Amino acid sequence: MDHNQLYQLLASTQIEDFDAVEEAFKLLDVDKKGHLTVATFKEIFKNLELGEIAPSDEEIFREVADFDGDGVINLDDFRKILTYKPGEDKE
């Protein structure tokens with residue numbers, strides 16, 4: 001392959017849409033279950049030295065992070081967590 005062919009290949013190759021939130025979610029979903037749990041976030045908080053989610057706070061965490069109420073934090077919930085602004089009502 002000469003430099004002209006390489007240029008044509010690179011010029012014609014399109015980069016797929018990159019969804020940074022989805023990629024971050026995938027990194028946290030190490031078991032590839034398609035959802036995160038409070039236990040996942042407890043581990044993340046511990047590893048990043050952000051403190052602990054106390055057992056007494058787990059239900060509160062679920063209430064504010066599980067927007068659709070299905071018991072887990074899926075990609076849509078995760079997206080809302082990252083874009084939530086204090087004072088906005090949950091849908």
Side-chain angles (χ1 to χ4, degrees):
M1 177 179 289
D2 66 23
H3 70 281
N4 287 326
Q5 290 171 316
L6 178 59
Y7 174 81
Q8 289 301 319
L9 176 64
L10 293 173
S12 66
T13 302
Q14 295 183 7
I15 297 174
E16 295 178 22
D17 291 335
F18 179 77
D19 183 343
V21 174
E22 182 176 4
E23 294 305 316
F25 182 85
K26 288 178 184 178
L27 288 173
L28 298 175
D29 182 17
V30 294
D31 296 329
K32 301 192 183 340
K33 292 181 179 180
H35 64 267
L36 307 172
T37 63
V38 173
T40 306
F41 282 95
K42 287 176 84 164
E43 188 67 24
I44 292 166
F45 277 44
K46 178 182 170 187
N47 290 342
L48 296 176
E49 298 178 1
L50 296 173
E52 292 184 14
I53 299 173
S56 60
D57 294 332
E58 289 181 24
E59 187 57 35
I60 294 168
F61 189 86
R62 271 188 215 82
E63 287 177 17
V64 298
D66 181 15
F67 286 83
D68 61 9
D70 65 356
V72 294
I73 298 142
N74 57 37
L75 178 57
D76 289 335
D77 294 331
F78 189 69
R79 230 179 259 294
K80 289 177 182 175
I81 291 168
L82 295 180
T83 59
Y84 178 77
K85 295 180 180 121
E88 289 182 345
D89 291 324
K90 283 180 30 172
E91 294 180 295

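Remember, it's a predicted structure, so these values are computed and weren't measured experimentally. Heavy atoms only: backbone and side chains are in, while hydrogens, waters and symmetry mates are out. For this chain, numbers begin at 1 and follow the sequence in order.
Not a single donor-acceptor pair under 3.5 Å links the side chain of Asp31 to the backbone N or O of Lys33. The main-chain N or O of Thr40 is never found under 3.5 Å from a side-chain atom of Glu43 such that the two would form a donor-acceptor pair. A side-chain donor-acceptor contact under 3.5 Å links Asp77 to the backbone of Phe67.
Heavy-atom minimum distance, Ile73 versus Phe25: O-CE1, 3.6 Å. Taking all atoms of both residues into account, the shortest heavy-atom contact from Asp68 to Asp70 is OD1-OD1, 2.9 Å. Minimum heavy-atom separation, Arg79 to Val21: NH1-CB, 3.7 Å. Of all the heavy atoms in Phe78 and Ala24, the pair that sits closest is CE2-CB, 4.2 Å. Scanning all heavy atoms of the two residues, the minimum distance from Asp76 to Asn74 falls at N-OD1, 3.1 Å.
More than 12 heavy atoms of other residues, nucleotides or ligands sit less than 6.0 Å from atom CD of Glu23.
To the nearest 0.5 Å, atoms OG1 (Thr37) and CG (Asp29) are separated by 9.5 Å. A distance of 8.5 Å separates CD in Glu52 from NZ in Lys46, rounded to the nearest 0.5 Å.
Ion pairing between a basic and an acidic side chain is recognised when a charged N comes within 4.0 Å of a carboxylate O; Asp19 and Lys26 show no such pairing.
Taking the six-membered ring where tryptophan is involved, the planes of Phe61 and Phe45 are perpendicular, since the angle between them exceeds 60° and thus also 30°.
Asp66 is not listed as a side-chain neighbour of Val72, based on a closest heavy-atom distance of 4.5 Å or more.
Grouping the Ile, Leu, Val, Met, Phe, Trp and Tyr side chains by contacts below 4.5 angstrom, directly or via other members, places Leu50 with Phe41. Both Leu36 and Leu48 sit in one connected hydrophobic cluster of ILVMFWY residues. Membership requires side-chain heavy atoms under 4.5 Å apart, directly or through other members.
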